[in-house]
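The structure appears right after this line, and notes come after that.
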Amino acid sequence: MSMMSEIESLMTEVGASSSYRIVNVGGKSLYVEGIKNLVDLKSEQIQFGLKNHLLTIVGNNLKIKYLDKTTAVIDGEIKEVITK
């Protein structure tokens with residue numbers, strides 16, 4: 001078993017499709033794959049455009065800890081994750 005597979009087995013997967021993956025780590029960190037663009041950045045809400053969806057992360061003291069072309073890690077008090 002790979003390290004990522006072991007880590008994923010310990011996390012709660014919020015959403016997944018063939019174009020994106022979202023993993024919530026205890027409501028304190030969120031791992032997102034499949035990002036196309038950053039839409040909105042506030043300490044209470046962060047939005048990303050995905051291939052066919054809009055991802056909204058709602059919480060307190062939200063910060064982007066890591067961001068590259070397709071992947072992000074968000075830290076803070078994550079209250080809700082919405083995909084539309």
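This chain uses plain numbering: 1 for the first residue, then up along the sequence. Predicted model, so just to flag it, every value in this text is computed and none were measured.
- Cluster membership for Leu50 and Leu38, using ILVMFWY side-chain heavy atoms within less than 4.5 angstrom, is shared.
- Heavy atoms only, all atoms of each residue included: Gly49 and Val39 are closest at N-CG2, 3.6 Å.
- The closest side-chain donor-acceptor pair between Thr71 and Glu33, if any, does not fall under 3.5 angstrom.
- Note that CD1 of Ile74 and NZ of Lys65 are 11.5 Å apart. Values are rounded to the nearest 0.5 Å.
- Scanning all heavy atoms of the two residues, the minimum distance from Leu30 to Asn24 falls at CD1-CA, 3.6 Å.
- Heavy atoms only, all atoms of each residue included: Leu62 and Gln45 are closest at CD1-N, 3.9 Å.
- Considering only residues two or more places apart in sequence or on other chains, Leu67 meets the side chain to side chain contact (heavy atoms under 4.5 Å, CB included) condition with Ile35, Phe48, Ile64, Ala72.
- Note that CD1 of Ile46 and CD1 of Ile78 are 8.5 Å apart. Values are rounded to the nearest 0.5 Å.
- For Lys51 against Lys36, the heavy-atom pair with the smallest separation is N-CG, 3.8 Å.
- Going from atom CD of Gln47 over to atom CG of Leu41 covers 10.5 Å, rounded to the nearest 0.5 Å.
- No side-chain heavy atom of Asn61 sits less than 4.5 Å from a side-chain heavy atom of Glu77.
- Taking hydrophobic clusters as Ile, Leu, Val, Met, Phe, Trp and Tyr residues chained together by side-chain heavy-atom distances below 4.5 Å, Leu54 does not share a cluster with Ile82.
- Under a hydrophobic clustering in which Ile, Leu, Val, Met, Phe, Trp and Tyr are joined whenever their side-chain heavy atoms come within less than 4.5 Å, directly or via other members, Val81 and Tyr20 fall into the same cluster.
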